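Below, chains carry the letters A, B, ... as their sequence lines are ordered, and counting in each starts from 1. This one's a predicted model, so the numbers in the text were calculated from it and none came from an experiment.
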There are 2 protein chains.
Amino acid sequence: MDLSNNTIERLCRIFGHLGAIEKTGVEFVSSAELAGALGATSYTVRKDLSLLGITGFTRKGYEVSSLKKELGSKLRLAGRRKACIVGLGRLGSALLDYEKFQEDGFEIVAGFDRSVNKLERIRTHIEVYPVGSMKDVIKEKGIEMGIITVPGEHAQEVADRLTGCGVRGILNFSPVEVSVPDKVVSVNMDFTNALRFIAAKLGG
Amino acid sequence: MDLSNNTIERLCRIFGHLGAIEKTGVEFVSSAELAGALGATSYTVRKDLSLLGITGFTRKGYEVSSLKKELGSKLRLAGRRKACIVGLGRLGSALLDYEKFQEDGFEIVAGFDRSVNKLERIRTHIEVYPVGSMKDVIKEKGIEMGIITVPGEHAQEVADRLTGCGVRGILNFSPVEVSVPDKVVSVNMDFTNALRFIAAKLGG
DNA sequence: TTTTTTTGGTGAAAAATTTCACAAAAATCA
DNA sequence: TGATTTTTGTGAAATTTTTCACCAAAAAAA
Ligand SMILES: NC(=O)c1ccc[n+]([C@@H]2O[C@H](COP(=O)([O-])OP(=O)(O)OC[C@H]3O[C@@H](n4cnc5c(N)ncnc54)[C@H](O)[C@@H]3O)[C@@H](O)[C@H]2O)c1
Ligand SMILES: NC(=O)c1ccc[n+]([C@@H]2O[C@H](COP(=O)([O-])OP(=O)(O)OC[C@H]3O[C@@H](n4cnc5c(N)ncnc54)[C@H](O)[C@@H]3O)[C@@H](O)[C@H]2O)c1
């Protein structure tokens, strides 16, 4: 099964949205409702789901809890994944303590910084380490994903280090696009570029 | 001229990358180099630029400074834009003091929170206000863009308020997709979904 | 000077993605 | 019961996006 990035992204959002629906106690959701919450069309939602072999019920829609379960297992979002954060400045330390990642199965189990000063000062219940111990900590804790929150100048160097330690997924918050080996999945979240995009769409 | 979102997004990234090249003093850049830095192909870069009527020089590429200038004016990224942040918690207050937005022409000129406590405690040189004064402040300062960093439950309400005050661009950091009037541009940055996407791509 | 190489520009082809159209199934209604 | 409505599932059509092929221009090399 070979899903496009667009499809994967939408399915992940559906998965997230199902969590919210679940809390309301609603049992069934139609493709049109999902589409509305996603900014997509009902066709697209149905097609995306059918690509995974997921089917709903005529005249009822999809059963919320079983859809969530199926998506979770088909997209491998059900298990727990361990992640670390490199760069414990303003942004990195905010992320370090964001409890909601836990709820979604993402466990931030370590923070790294090259400044001993930062490490000493930081107040968190998550263990923090100097970058030197990255290899050991990542191996030992079985960390799969790395979050980069260092200045752009150091982003590539950190990405190299992370992939060198066996990390296969990278979420990069620096404005510099990092290049990674083929097998590694990397996503860039460039806030400034998001603002540029908005400005460009606004025009005038 | 009707550019696709993909094209606009790439052009914005090129614009950002040109800033970095400019600092190195390099005068010309080829479509292949830009493509490399972007994770695109040289065809796409050339086509994107040509859609804007931007042309380069045979055997030299594009002149960095004039390309930046042209992109800036064609995409309206050259001027200064004023933005505000609503929700001054962990993330919002980190964004409030992120100086680099300034360098790119985005001026964060106000912060809003509904908690008086937060407002009193926050240490920043940017003016902060209770949400009640949003309308006045936005009008008075000419704020065009709003950044939402409140909990998901309040995101839609804040988006409504912002658009009600005339804000036309929204960058939403909450995990809840907000719906806005047609004329308003909104971008969602859902970190958890980015992690989900990575996890789904990783598989196993 | 002539040839070769590099790089951009662009219409056409190919590929990918989205939308559509409609059959089928089930709930609702008359 | 039988007609009607609603909603899924999906192959086909339409649209969009990307890639390709190849020409022209200019620099470099011969
Ligand atoms: N803070 C924001 O609101 C914000 C907004 C948009 C983008 N960003 C981006 O996020 C990244 C982090 O921003 P920030 O404001 O938190 O920066 P910051 O300067 O506050 O923190 C950066 C941290 O990274 C550490 N560091 C630097 N080089 C390192 C290395 N090689 N290995 C390990 N640690 C290293 C520093 O010691 C510091 O603690 C930057 O790339 C920035 O552009 C931040
Ligand atoms: N902190 C993170 O690292 C992080 C990571 C991922 C996503 N997010 C998302 O970003 C958003 C902010 O996260 P946070 O951790 O900074 O939250 P937070 O709880 O620290 O801060 C939220 C702030 O919003 C204010 N607020 C609440 N309702 C409001 C309203 N209606 N109008 C104005 N202000 C209001 C609160 O007073 C508070 O100061 C959330 O949606 C969260 O899911 C945060």
Between B:Ser133 (side chain) and B:Asp136 (backbone), is there a donor-acceptor pair under 3.5 Å? no
Could you run through nucleotides 1-11 of chain C and give me one letter per nucleotide, 5' to 3': B if any protein heavy atom sits under 4.0 Å from the base, S if only the sugar-phosphate is that close, - if neither? ----BBBBBBB
DNA chain C contacts among residues 4-14 of chain A, heavy-atom distance under 4.0 Å: A:Ser4, A:Asn6, A:Arg10
Qualifying residue, where the test is side chain to side chain donor-acceptor pair (under 3.5 Å) with A:Glu107 and the options are A:Lys82, A:Arg80, A:Lys141: A:Arg80
B:Ser179 backbone acceptor or donor facing B:Gln156 side chain under 3.5 Å: yes
Ignoring hydrogens and angles, write down the donor-acceptor pairs under 3.5 Å from the side chains of residues 187-204 of chain B, residues two or more places apart or on other chains.
{"unit_1": "B:Asp190", "atom_1": "OD1", "unit_2": "B:Thr192", "atom_2": "N", "d": "3.1"}
{"unit_1": "B:Asp190", "atom_1": "OD1", "unit_2": "B:Asn193", "atom_2": "N", "d": "3.1"}
{"unit_1": "B:Asn193", "atom_1": "OD1", "unit_2": "A:Arg13", "atom_2": "N", "d": "3.4"}
{"unit_1": "B:Asn193", "atom_1": "OD1", "unit_2": "B:Arg196", "atom_2": "NH1", "d": "2.6"}
{"unit_1": "B:Arg196", "atom_1": "NE", "unit_2": "A:Asp104", "atom_2": "OD2", "d": "3.3"}
{"unit_1": "B:Arg196", "atom_1": "NH2", "unit_2": "A:Asp104", "atom_2": "OD2", "d": "2.7"}
{"unit_1": "B:Lys201", "atom_1": "NZ", "unit_2": "A:Asn5", "atom_2": "OD1", "d": "2.7"}

Of all nucleotides in DNA chain D with an atom under 4.0 Å from a non-hydrogen atom of chain B, which is the first and which the last going 5' to 3'? D:dT17 to D:dA28
Full working for side chain to side chain contact (heavy atoms under 4.5 Å, CB included) between B:Val185 and B:Ile170: CA-CA 6 Å; B:Val185 179; B:Ile170 287 185; over 6 Å; no
Please report the interatomic distance NZ(B:Lys74) to CG(B:Leu67), rounded to the nearest 0.5 Å. 10.0 Å
Determine all donor-acceptor pairs shorter than 3.5 Å in which one atom belongs to a side chain in residues 84-94 of chain B; sequence neighbours excluded.
{"unit_1": "B:Arg90", "atom_1": "NH2", "unit_2": "A:Ser93", "atom_2": "O", "d": "3.2"}
{"unit_1": "B:Arg90", "atom_1": "NH2", "unit_2": "A:Asp97", "atom_2": "OD2", "d": "2.9"}
{"unit_1": "B:Ser93", "atom_1": "OG", "unit_2": "B:Gly89", "atom_2": "O", "d": "2.6"}
{"unit_1": "B:Ser93", "atom_1": "OG", "unit_2": "B:Arg90", "atom_2": "O", "d": "3.4"}

With A:Tyr43, which residues qualify under ring pair (Phe, Tyr, Trp, His ring centres under 6.0 Å), at least two apart? none
Donor-acceptor pair between B:Ser4 and B:Asn6 side chains, under 3.5 angstrom: no
Evaluate whether atom NZ of B:Lys139 has more than 12 neighbouring non-hydrogen atoms of other residues, nucleotides or ligands under 6.0 angstrom away. yes
